[in-house]
There are 2 protein chains.
Amino acid sequence: MLRHLLRDNKSKILMLIMDGLGDIRTAEQPRTPLELARTPNLDTLATEGICGRSMPISIGVTPGSGPAHFALFGYDPLEPQNDVGRGVLEVSGTGFHLEPGDVAIRGNFATMDADGILTDRRAGRIPHEEGVRLCGVLSEAIGEIEGVKVIVMPVREYRFGVVLRGEGLSPEVEETDPQLTGQRPLAPMPRTADAERTAKIIGSFVERANTVLAQEKKANTVLMRGISSRPHVEPFTERYGLKAAAVASYPLYRGVAKLCGMHLVDTGFSVREEFETVRKVWGDEYDFYFVHVKKTDSYGEDGNVEGKKKVIEEVDHELPILLDLSPDVVIVTGDHSTPCPMKLHSWHPVPFMLRSAVCGSDATSGFSEIECDRGTLGVFHATSIMELALANAGRLKKHGA
Amino acid sequence: MLRHLLRDNKSKILMLIMDGLGDIRTAEQPRTPLELARTPNLDTLATEGICGRSMPISIGVTPGSGPAHFALFGYDPLEPQNDVGRGVLEVSGTGFHLEPGDVAIRGNFATMDADGILTDRRAGRIPHEEGVRLCGVLSEAIGEIEGVKVIVMPVREYRFGVVLRGEGLSPEVEETDPQLTGQRPLAPMPRTADAERTAKIIGSFVERANTVLAQEKKANTVLMRGISSRPHVEPFTERYGLKAAAVASYPLYRGVAKLCGMHLVDTGFSVREEFETVRKVWGDEYDFYFVHVKKTDSYGEDGNVEGKKKVIEEVDHELPILLDLSPDVVIVTGDHSTPCPMKLHSWHPVPFMLRSAVCGSDATSGFSEIECDRGTLGVFHATSIMELALANAGRLKKHGA
């Protein structure tokens, strides 16, 4: 919509996302992990910058991680073309480039007994190396089904991706995962007439996988989930004129970034490793850096206040690695809230801050939910973050005379 | 949209706009001009009233003055019919009533050398009297071209307006201003087949003007800019049931007000003269008074903090002239921000206040950016201001039972 206002320059934007950052005060938890954490660097940044509460979708609506990240990147998660299947996210997250028409599937390695009854939907969470080996076994045995190319790729541990590539495929096929053990895997059912052939191919894939894996000790079957096709997502370069790098270690976030046209950078898992990765790729190649820290969300889902607090402190401690790069615009926020008292994603708007030379400043003097409530940005839609970032980077012209 | 809720009464609404009022704190400018200014009257008004931050278009989007004023008057500046060309604004600002189908052009008197090369795009910024005289010369010589009526009118100094009135005209013609000296003026190029005749008429106008002005010392050619037609803008009376008066001395603001159906009142330029003009026309004839102070913006664009501060203090000092009229609703805000550190229009939301007998009050105890951050209105779209004004004026009925 604002493409006619875009203007290019040399400025750099850094967006640091602490997943599930937002939290809530309750009688049992009178201060949030962000309030409890000692965060001198984040507090200085908030004092120098402007704050607010970012709302991923709308008041009262709790987002999944996919929609929440699409919103951060300025794509309305309620628009149908931004409703992306898990198969597509999982496969894209490996860096695989899906073509329009491909069908992407998220697979689980699983175990079943001699009667075909599921005994473990995750094959005892086999280690990553074992998953990689089994993907190799499947790839070698199944290269093509009925003229459709079959590509199998490891994702993480018991999870893998399958891409079907060929003419006339459709993603309108039901999952085979019954979501419970003690049952047989479901047959892949077509939801439309168009999808009958694809369903048959997926059925053949499962059959052949069962044959190939019959002698394996740790996993002897597969479950097919999140069967989906790549939607049209306008690439970041076209939408914003930004060359973007994604430093994220988890597949789903890499998947969203890849779909938005960001370059996926290889990185280690720890906060320090991720920040060092940013430092290594800092330069003329990119204008926008998306950095994703996962563990705030994981601890939130465990209800582990101390763990969540410590990750925030770790981010604060390592923050100078990023700030020393002197990005023109720094954004620190989360994709959604994951309050420890709830152990779930929630709808609560997320603490947000932005600092640039022209951001102005407000009454906030620290980074927390309650400080951000006093910020000049108020409660605002996360889908506006990119426009605000571009404005602060001097990358938007005036609208009208 | 809310026309079915409108209710008439005798209440009066006063909207005082300080152009480019909003500003930002930076390390070098730790307090904004509005914070620095001594403003006892505005502070009292803010304390008695309610405050917030008004957003002209959307987060991060910097508006031009035209779109920003349309937003203040409740017209969405992103809707195509409210995207008004500069020719239309300039001509309307003189008080001229454009008819649908008219083509309006913003003209510059300019100078060229014997070879037809531009030497000054503004003819040395000739004085207003000289511009008026030259418009008279052109009017006398060129009354009609190919059956199309040609109306020439002075605007200010080197700027004038041209209206073409006749059948089958189109505004889809490119400007003749090359934007640089040392070049020839451009030929007026049609953008569509429909516009070929209009382009030819504009070309003839320029040729005939060159002949007529050949012996003039200070300006011997003209540049044709902002070629445009009057869009359909629903008049204020129909939209809000308000008879509106505009007290503004600059052409562009007069132009927007005229297009919205306001009556343009003749006024002097100083703050005191403008406020005295309001006093003179105060009465049964009008329900709504738009008062526009320009210099806050001009000083902002110069980066002149002291100048901007002094204009705000001047407004504060003269404010009793307006308050003594006892308007039922008083609004004080800006159309956009023009931060001194940026010397440009910006996207930052604008300090806003409203006082009426039923507005309620909030925690604000003065009028500044940071006080308005604490206001009960939060950050809100400027296009909502008119509804809020009507509600406070008792001019909106309840929606539904």
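The chains referred to below are lettered A, B, ... by the order of the sequence lines, with proteins before strands, and numbering in each begins at 1.
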Task: Part of Arg374(B) lying under 4.5 Å from any heavy atom of chain A - done: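 No part of Arg374(B) comes within 4.5 Å of chain A.
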
Gap separating the [atom1] atom of [X] from the [atom2] atom of [Y], nearest 0.5 angstrom:
X: Ser58(B); Y: Leu388(A); atom1: OG; atom2: CG; value: 10.0 Å
X: Ile57(B); Y: Lys398(A); atom1: CD1; atom2: NZ; value: 11.0 Å
X: His348(B); Y: Asn392(A); atom1: NE2; atom2: CG; value: 6.0 Å

Ignoring hydrogens, what is the shortest heavy-atom contact between [X] and [Y]? Give both atom names and the distance.
X: Leu5(A); Y: Val61(B); value: CD1-CG1, 4.3 Å
X: Ala391(A); Y: Gly60(B); value: CB-O, 3.2 Å
X: Gly400(A); Y: Pro67(B); value: CA-CG, 3.8 Å

TODO: List in chain and number order the residues that pass side chain to side chain contact (heavy atoms under 4.5 Å, CB included) with Ile370(A), two or more places apart in sequence or in another chain; answer none if no residue qualifies.
DONE: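 For Ile370(A), the residues satisfying side chain to side chain contact (heavy atoms under 4.5 Å, CB included) (neighbours in sequence not counted) are Arg25(A), Glu35(A), Ser368(A), Asp373(A).
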
Task: Results of side chain to side chain contact (heavy atoms under 4.5 Å, CB included) for Ala68(B) - residues two or more places apart only - done: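 Ala68(B) satisfies side chain to side chain contact (heavy atoms under 4.5 Å, CB included) with Pro63(B), Asp335(B), His336(B) only.
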
Task: chain A contacts, top residue of Met55(B), Met342(B), Gln29(B) (heavy-atom pairs, under 4.5 Å) - done: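 Highest number of heavy-atom pairs under 4.5 Å: Met342(B).
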
Open item on the list: What verdict does the side chain to side chain contact (heavy atoms under 4.5 Å, CB included) test give for Phe380(A) and Ile59(B), after you've listed the backbone C-alpha separation in whole Å, the side-chain angles of each residue and the deciding distance to 0.1 Å?
Closed with: CA-CA 9 Å; Phe380(A) 67 100; Ile59(B) 291 176; 3.6 Å; yes

Open item on the list: Which atoms of Ile385(A) are under 4.5 Å from chain B, going by heavy atoms: the side chain, the backbone, both sets, or neither?
Closed with: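 It is neither, since no heavy atom gets under 4.5 Å.
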
Task: Toward chain B, the part of Ala389(A) with a non-hydrogen atom under 4.5 Å - done: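 For Ala389(A), there is no contact with chain B at all, as no heavy atom is under 4.5 Å.
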
Open item on the list: Run the side chain to side chain contact (heavy atoms under 4.5 Å, CB included) test on Leu390(A) and Trp347(B) for me, step by step, so that the C-alpha distance in whole Å, both residues' side-chain angles and the decisive distance to 0.1 Å come before the verdict.
Closed with: CA-CA 11 Å; Leu390(A) 289 166; Trp347(B) 61 89; over 6 Å; no

Task: Working for side chain to side chain contact (heavy atoms under 4.5 Å, CB included), residues Leu78(B) and His399(A) - done: CA-CA 9 Å; Leu78(B) 292 182; His399(A) 173 81; 3.7 Å; yes

Within a reach of under 6.0 Å around [atom1] of [X], are more than 12 heavy atoms found that belong to other residues, nucleotides or ligands?
X: Glu79(A); atom1: CD; value: yes
X: Asp284(A); atom1: CG; value: no
X: Arg7(A); atom1: CZ; value: yes

